[in-house]
Amino acid sequence: MSMTGGNDNGPVDTETPLPTTRRRRKKSSVWEHFTIEEVSGGCTRACCKLCKQTFAYSSGSKIAGTSHLKRHIALGSCPKIKYQNKLALASVAKSDGDTPDPPKRRYRTSGFSSVFDQDQSYVNLARMIIVHEYPLDMVEHPAFVAFVQSLQPQFKMVDVSTIEGEVLSLYQKEKQNLMQAFVTIPGRISLTIGLWTTSQTLGYICLTGQFIDSDWKLHRRMLSFMMVSSPHSENALSEAIGVSLSDWNMKSKLFTITLDNNCSSHDIYSANLRDHLSNKNMLMLKGQLFVVRCYANILNVIAEDVIASIHGIIYNIRESIKFVKASPAREEKFAEIALQLEILSTKALSLDVTTQWNTTYLMLVAALEYKRAFNFLETCDDNYNEAPSADDWMKVEVVCTYLKLLYDSANVVMATADPTANIFFHEAWKLLVELNSATLSEDTMVSGIANEMHEKFDKYWKDCSLILALAVVMDPRFKIKLVEFSFSKVYGADSARYVKLVDDSIHELYLEYVAQPLPLTPAYVDQGEANHINGNDSNVPTVDGLQDFDMYLSELSVNQPSKPEIDQYLEESLVPRIQDFDILNWWKLNYLKYPTLSKMARDILAIPVSMVSTGCSIFSSGTGSRVLDEYRSSLRPETVEALFCAKDWLQYLPTMAEPPSTAIVKMEI
């Protein structure tokens with residue numbers, strides 16, 4: 001077989017270069033616009049028929065392809081095509097007032113299969129504005145308009161009101177998709193509430209729902225971003241929640257509410273919400289689980305208070321680091337001092353971000369290792385006089401010891417992509433035990449800081465320990481055993497009373513779930529029953545002379561009913577504590593064995609103990625309301641809600657190129 005190919009019209013000319021034979025087989029539509037020109041050395045170049053510009057095509061046996069030729073034509077790089085497009089645009093602009101738009105505004109570019117869809121482009125533009133938080137009026141920015149026209153001259157740019165309408169339309173479509181998905185949620189939904197203020201007297205309440213679907217996957221979706229005249233008033237929250245629950249048809253599915261407001265007003269909100277909503281909703285366990293406090297919030301509150309207690313020392317440390325980093329010469333001199341003093345630290349000095357308390361903690365930890373270098377620098381450099389005193393360094397060391405407890409706890413929570421409620425109990429009781437011990441210290445500096453921390457965290461523990469304990473009981477690796485162990489550390493001799501409270505509550509809650517109808521599901525069978533069903537038995541009674549024994553067993557099953565699921569679950573052995581244990585998958589595999597208990601576990605594990613969502617920092621300061629920027633504060637409330645909610649929903653699309661309908665979460669029972 002000849003490697004140079006054949007020709008039916010005559011013998012093959014071996015002198016003819018390879019590109020000549022390949023040119024006859026060209027199928028691409030790009031060759032409507034280009035010709036092939038041979039150059040020296042057996043190479044060929046493609047020449048544009050319009051502008052006569054040439055491009056590399058082949059060199060010997062290597063073919064460059066046609067992608068760069070297509071770009072020259074399709075993207076308007078050819079100056080002749082650019083000129084033709086300008087003329088076409090001018091013609092369209094003239095006829096806009098007389099000629100109505102065609103029903104479907106599609107334009108096919110010459111020689112290519114790609115289709116331009118004006119309507120879909122509007123949708124994509126609205127998505128871009130929503131997802132990237134661009135201002136709506138960017139559609140009227142001259143530079144942006146010029147950029148879009150350079151990409152697609154046929155695109156007719158819209159005005160602000162039109163793109164606002166596209167945003168609202170996209171929001172409504174995604175909301176309908178989500179409402180259809182919510183109908184199939186097998187359990188209850190728990191809410192989180194965030195408060196936003198504006199530069200005006202108005203504010204917004206953000207409601208987010210968290211739930212576990214029928215496939216035992218945890219989901220979090222924003223439900224509403226509602227404007228209220230007084231977001232901090234006692235009735236604003238309950239009214240906003242009531243409206244949102246009615247809007248989403250979830251009045252009967254509410255389980256818990258997690259708040260991120262500051263500690264001082266928490267009791268007022270809790271009592272008001274519980275009283276207002278308990279009359280309209282079936283609250284489980286008489287509302288004892290109804291209001292939850294955000295774990296990340298309490299860590300931030302305590303950390304910020306501790307840092308504020310030594311704000312003057314922290315100021316000196318910041319100024320010291322600024323001084324060292326002011327020039328390469330100072331940094332080099334400081335490094336020499338550290339080497340001379342045999343400070344072998346691997347930590348680098350860095351300034352903190354004042355709104356992220358973890359960066360302040362890391363700044364202090366690094367500075368502590370260089371404290372002797374700072375003291376020495378003050379003795380040999382007259383321009384530096386910010387070195388903390390020996391007592392100051394001691395305070396910093398104590399503060400870092402207890403900030404580390406908060407820092408480590410926050411990192412454990414943050415390391416879990418979708419944290420279920422069971423992971424928080426272990427972190428909370430360990431922190432409380434450490435603070436209990438520190439308050440008894442004979443060092444007044446240690447006990448003083450510990451007492452301030454303990455006062456706030458003990459309040460959180462009293463409010464939320466029951467919820468945290470119930471969640472960890474639903475973890476088959478720990479069940480009630482970890483509660484017994486940890487309470488012995490927290491309460492000492494009085495621990496049995498608190499363990500009984502948890503045990504009574506878990507049984508009472510279970511009975512409430514027993515009273516609810518179960519969906520039709522296949523019955524759980526153990527291995528022996530499975531063998532029977534799989535055909536290892538026949539339906540013909542076994543003739544072995546033990547019919548009386550069978551009757552005896554039947555009577556036993558009637559007279560001695562089986563244990564409740566909750567007791568059976570608690571009495572069984574603990575599951576081994578393996579790494580990467582998937583608690584939701586465990587319940588998915590065991591829901592037939594525990595049909596009622598699994599319903600309870602689904603609702604408890606979905607409680608959002610922390611309001612910090614994936615991708616956000618758990619260390620952010622500002623424990624009260626967040627502030628809406630001036631631009632969004634100026635928009636209509638319904639537009640603000642559409643922008644916030646749609647951004648949250650669109651992030652779950654597999655790809656932004658797919659239509660919004662693909663965002664529906666499949667949750668068939």
Side-chain angles (χ1 to χ4, degrees), residues 192-195 210 256 258-266 269-270 291-311 314 352-365 398-439 449-469 471-472 486 490 607-626:
T192 66
I193 301 178
L195 304 181
Q210 186 159 299
T256 66
T258 304
L259 302 176
D260 75 341
N261 52 281
N262 58 54
C263 301
S264 60
S265 60
H266 181 270
Y269 283 123
S270 300
V291 180
V292 184
R293 289 179 65 186
C294 175
Y295 185 74
N297 179 264
I298 192 62
L299 294 184
N300 290 342
V301 168
I302 296 173
E304 290 163 14
D305 286 349
V306 171
I307 289 172
S309 68
I310 58 166
H311 65 92
I314 292 176
D352 63 336
V353 179
T354 56
T355 56
Q356 301 282 324
W357 66 262
N358 61 314
T359 63
T360 304
Y361 163 69
L362 294 174
M363 178 186 74
L364 296 178
V365 169
V398 172
V399 163
C400 285
T401 299
Y402 292 98
L403 281 179
K404 185 179 187 303
L405 298 176
L406 306 177
Y407 178 79
D408 290 344
S409 184
N411 276 317
V412 168
V413 173
M414 194 167 57
T416 306
D418 296 307
T420 45
N422 59 295
I423 72 170
F424 294 89
F425 178 81
H426 195 51
E427 295 305 311
W429 79 261
K430 286 191 304 180
L431 182 55
L432 184 63
V433 168
E434 291 285 353
L435 294 178
N436 284 343
S437 176
T439 58
I449 292 175
N451 276 316
E452 292 181 8
M453 297 175 69
H454 182 272
E455 182 181 355
K456 289 184 172 60
F457 195 78
D458 188 57
K459 175 75 167 62
Y460 173 84
W461 176 261
K462 288 175 180 176
D463 288 341
C464 299
S465 59
L466 177 59
I467 295 172
L468 301 182
V472 85
S486 58
V490 174
I607 295 174
V609 179
S610 172
M611 295 181 59
V612 180
S613 57
T614 304
C616 299
S617 174
I618 198 173
F619 303 102
S620 297
S621 63
T623 55
S625 301
R626 283 158 287 187

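Computed from heavy atoms alone, side chains included, the values below leave out hydrogens, waters and symmetry copies.
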Novice: Between Ile298 and Trp461, is there a side-chain heavy-atom distance shorter than 4.5 Å?
Specialist: no

Novice: Measuring from atom CD1 of Ile307 to atom CE of Met363, what distance do you get when rounded to the nearest 0.5 angstrom?
Specialist: 8.5 Å

Novice: Where do Ser486 and Trp429 come nearest, in terms of heavy atoms and distance?
Specialist: CB-CD2, 3.3 Å

Novice: Which residues pass the side chain to side chain donor-acceptor pair (under 3.5 Å) test with Thr439, sequence neighbours left out?
Specialist: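 Checked Thr439 against side chain to side chain donor-acceptor pair (under 3.5 Å); zero matches.
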
Novice: So do Asp305 and Val301 actually touch side chain to side chain, heavy atoms under 4.5 Å?
Specialist: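 In contact.
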
Novice: Looking at every heavy atom in both Thr258 and Arg293, which two are closest together, and how far apart are they?
Specialist: CG2-C, 4.2 Å

Novice: Do Leu259 and Val291 have side-chain heavy atoms sitting under 4.5 Å apart?
Specialist: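 Heavy-atom side-chain distance check passes, below 4.5 Å.
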
Novice: Can you tell me which residue among Leu403, Leu431, Val306 is in a side-chain contact (heavy atoms from CB on, under 4.5 Å) with Met453?
Specialist: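 Only match with Met453 under side-chain contact (heavy atoms from CB on, under 4.5 Å): Val306.
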
Novice: Apply the test side chain to side chain contact (heavy atoms under 4.5 Å, CB included) to residues Ile423 and Val412: give CA-CA distance (whole Å), side-chain angles for both, the deciding distance (0.1 Å), then the verdict.
Specialist: CA-CA 9 Å; Ile423 72 170; Val412 168; 5.7 Å; no

Novice: Taking all non-hydrogen atoms of both residues, which atom of Gly194 and which atom of Arg626 are closest, and how far apart?
Specialist: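 Distance-wise, the nearest heavy atoms are CA-NH2, 3.6 Å.
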
Novice: Is there side-chain contact between Cys464 and Phe424, with at least one heavy-atom pair below 4.5 Å?
Specialist: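 They are not in contact (no side-chain heavy atoms under 4.5 Å apart), so the answer is no.
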
Novice: Name all residues meeting the side chain to side chain donor-acceptor pair (under 3.5 Å) criterion together with Thr420; count only those two or more places apart in sequence or in a different chain, and write none if there are none.
Specialist: Asn422

Novice: Could you measure the distance from the CG atom of Leu468 to the NE2 atom of His426? Nearest 0.5 Å is fine.
Specialist: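 Nearest 0.5 Å value for the CG-NE2 distance: 13.0 Å.
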
Novice: Atom OG1 in Thr256, atom CD1 in Ile467: separation rounded to 0.5 Å?
Specialist: 6.5 Å

Novice: Just jot down the side-chain contact (heavy atoms from CB on, under 4.5 Å) partners of Thr401, sequence neighbours excluded, or say none.
Specialist: none

Novice: Please name the pair of heavy atoms, one in Tyr402 and one in Ala438, separated by the smallest distance, quoted to 0.1 Å.
Specialist: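 That would be OH-CB, 3.1 Å.
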
Novice: If we only count heavy atoms from C-beta on, is the Asp352 to Leu362 side-chain gap below 4.5 Å?
Specialist: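 In short, these two side chains do not touch, never coming nearer than 4.5 Å.
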
Novice: For Ala421 versus Val609, what's the shortest heavy-atom pair and its separation?
Specialist: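 Taking every non-hydrogen atom into account, CB-CG2, 3.8 Å.
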
Novice: Looking at side-chain heavy atoms only, is the closest gap between Lys430 and Glu434 below 4.5 Å?
Specialist: no

Novice: Anything under 3.5 Å between a donor and an acceptor, one on a side chain of residues 404-411, the other on a protein residue two or more places apart or in another chain? List them.
Specialist:
unit_1, atom_1, unit_2, atom_2, d
Lys404, NZ, Asp408, OD2, 2.6
Ser409, OG, Tyr295, OH, 2.6
Ser409, OG, Glu427, OE1, 3.4
Asn411, ND2, Tyr407, O, 3.2

Novice: Side chains of Ile314 and Thr360, heavy atoms from C-beta outward: is any pair under 4.5 Å?
Specialist: yes

Novice: Can you sort out the partners of Thr192 under side chain to side chain donor-acceptor pair (under 3.5 Å), two or more places apart, ordered by chain and number?
Specialist: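 Expected list: none.
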
Novice: So, using side chain to side chain donor-acceptor pair (under 3.5 Å) as the criterion, who are the partners of Asp458 when residues are at least two apart?
Specialist: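 Residues passing side chain to side chain donor-acceptor pair (under 3.5 Å) with Asp458: Lys462.
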
Novice: Do you know which two heavy atoms are closest between Trp357 and Ala303, and how far apart they sit?
Specialist: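 Here Trp357 and Ala303 meet closest at CD2-CB, 3.5 Å.
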
